[in-house]
Each structure stands twice: as C-alpha cells, then as structure tokens.
Amino acid sequence: MSNITASRLELVERCPAAPALPAVWTESTDDQVAGTERHRFLQRAGEVGREAAVAEVPADAPWRAQVLGIDTDEIPAGGRYEIAYAYDVAADTAREQGQWVERAYDAGATEVSGTLDLVLPPGEGRPRWTVIDFKGFDEVAPAVRNLQLGFGAVALARVYDLDEVDVAIGYIGHGGDIRWDRATLGAFAIEAHALRIRSLFAAVDRARATLAAGGLPDFSTGTHCRYCAALPFCPAQTAAVRAFLADPPTPDRLALLSDEDAGRVWPLLLAVEEMTKRAKASVRARAELSGLPLPGGERLVPVLVPRRKIIDLDGMLAILREQFGAQADAIVERSLSFESVGELVRQVAPGRGQKKVLDALTAKLLAAKVVQSTSFVQLKTRKAKGDAPAPASGEEAA
Ligand code: SF4
C-alpha cells in the first residue's frame, strides 16, 4: 500500500526520500481537528441551516468563535465535503474512496490518496467542477500551482473526464473572515500536475530502492522537516541534531554569526525542537500509564488535576453574592473576547457587508479607547525575491 498522500506531496517534492523511511503516527494537531470540525459545520449549515448548525457546535469548542464568524453565504452551496480520492500513477486513472473516511485510505501500491475539503459539480454561476481547500492563517502555494489542489483537479478530471477544473483556496481567519485565492486549471495545467505527481512517485521509488540496497538517498533538509512524519528516523537530521547537541551554540556565539549562518541554524533549531516535542510526547505517554523512575530516586507519576470551567456565569454570581455579598462583584473578572464582537456583528449584519460593519465598529471601539490594539511578530517562510516559485505547505516557522 502506498503511503503517499496529497497533503504530503509538497513535502515529498522537497524531499522524495521522506516516504521511503518509516513514519511515526502522531495525534491530529489542534489545527487539524479544528479544520475537520470547520468542514463539518459548513456541511451541516448547508443541510440544516446556519442557526441549527451553530446550535450543534459545542459551547466550549476551541474552534467555535472561528466557525461562528464564517459568513456561510460566502461558501458555494451544493457541494460535498471531505471526499477521498485515489489517483493511480501507473494507470493514470482515479477513483473515489468515500466521504468522511477520516484519512483511513484504502490505497493500492501505485495510488496516491487525498481528501478534498469541498467538491462542487457545475451549477448556476459555476461553469466547471470546482475543488476548494480550506486553510487557516498560514499561507500555502498559490492555487494555480498548489499541488494538493492539483491532485484534486487531476482526480476530478480522471473520474469525470474533464478538461478544465476550477480550484480555490479559502483562507479562514481567526474571526471567520475568508480570503479566496482562485484559479482555473485547463487541460495542460492538469496534465502538468499529473506529471508532477507521477515524477514524485517515481522519485520516491528510487529512494526506496537505494535504501533497500543499503545506500542512502539524498535527504533534503530544511524547515519543511518539522512536518515530516519520518523525522525521528531521518539519518540526515539525526546526524545533524546529534552534532548540534554535542556542541550547542550558546546565545553569545549565535550573536557572532553572519545572517547567512544564523539562517542556516534556524532549520536545525526547528528540527531539535520538533524531535524534543515528539520525544517528550512519547515519554509522557509511558509516564501517564504507570509512572517512570527518575534518576535520583524520584518518580514521574500521573496525577489527575481537576479543571473547572464556568458554564453559567449568572448562576455562579448569584451563589457567590449569597455567600460574599457585594464583594463577589468586586473580585469577579468581567471578560469578553474580541471574537465575541465578531460573533455579534455576524448576527446583526449577516452577509457580505459584515466586514465593513466590523471594521467600522472596531474603529469606533478604538476611538472610544475601550479596546486596545497591539500586534505581535510571527515568523513566516517566504520565497526570496527573484527565486523560482516553490511549494510552501503551510510552512510557518514559529
Ligand atoms: S526529516 Fe527532512 S530530510 Fe529527513 S526525510 Fe524528512 S523531509 Fe527529508
């Protein structure tokens, strides 16, 4: 069975040796869970209406504020969510694997599997089959050359015998606002994506053959390695991390490095951080079962710590007032997240004017000095000016 999936294609393009190594199963990240739940919400909004879909979102779900901010009128109707396909690189054919299969693919030896977030047949105002991939905040390769969308276009073209497919990335912000990146892929573009996928598959086969013969394929290290399931088994990374740990650069030594050398250290720091995170998760899982002996005679033991969440603020205040009188109001912190403002705007101004209303309200709140605006620096990886375009699969750096 092939272990190459559409979501890994951008990584495989950077390092075809990655799927040739064993991979470690990891829990879905919070972002992945939020992404799947977002799709479930959008599907339910189409089936039962927005209000009923909102009622189904758990009150304490971390993704609640984001999905409630989504203007569902912006999402094209009449499509199917979370459809898995398989593209056979040997036969150049594709097949549907099912809906909501939760990445439990049933792929053959020469198939690449992938799940398309939303697939829409042609309809009113939509002349072509359309594939939509929803993303979070992090930028990925543009729709026109995005390999994950390219996989979707190839799959649909083969299944439905199409010459053109519309593709789109919908970036959904923290407040539910959507930014679209759209493209139409014609016959040549679809063939180019199919060729790209077939070439990658062949490159992975060559890497596997080299490993099987006792050799070492080319491992291309970089910031993408932190998304690689084979990271703990990668000879290139383990050698680099071992050398790094044997002589870790101190902050004062780092300060003396040139920008180029500091830039070279960055992917290594990410790899060390990722390996440490995975190692910690593995040891933690063992400790949670029955504890672990620590050097020095102590034990690392699992302890159940109660976590309390207020679900009825008024009810709680009534009891506190009864017990402590007016003091209760003085010490109880009143808090309202800015996402709640977006939620209110969504309720009173549904539809396309929502962003305008939110912008005007934000300006008003800032002018009244009841809201403070701050910003933080987030590092992202971007192509240097003049470089050839290359994939960027959600490759945020820290
Ligand atoms: S960790 Fe990096 S270099 Fe190693 S196999 Fe994965 S992508 Fe390739």
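Whatever order the structure lists them in is the order used to number ligands and atoms, beginning at 1.
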Show the atoms of ligand 1 that are less than 4.0 angstrom away from any heavy atom in [X].
X      : answer
Phe219 : 3 (S), 5 (S)
Gln237 : 1 (S)
Thr221 : 3 (S)
Leu21  : 5 (S)
Cys234 : 1 (S), 3 (S), 4 (Fe), 5 (S)

Identify the closest protein heavy atom to atom 6 (Fe) of ligand 1: which residue and atom is it, and at what distance?
-> Cys228 SG, 2.4 Å

Which protein non-hydrogen atom lies closest to atom 8 (Fe) of ligand 1, naming both residue and atom, and how far is it?
->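 For this ligand atom, the closest protein heavy atom is Cys15 SG, 2.3 Å.
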
Can you tell which part of [X] has a heavy atom less than 4.0 Å from ligand 1: side chain, backbone, both or neither?
X      : value
Arg14  : neither
Ala236 : neither
Ser220 : backbone
Cys225 : both

So, are [X] and [Y] salt-bridged, with charged N and O less than 4.0 Å apart?
X      : Y      : answer
Glu288 : Arg284 : yes
Asp92  : Arg198 : yes
Asp181 : Lys135 : no
Arg95  : Glu111 : yes
Asp329 : Arg321 : yes

Examine distances only and state if a side-chain atom of [X] and a backbone atom of [Y] form a donor-acceptor pair shorter than 3.5 Å.
X      : Y      : answer
Asn146 : Ala141 : yes
Tyr81  : Trp100 : no
Gln43  : Arg80  : no

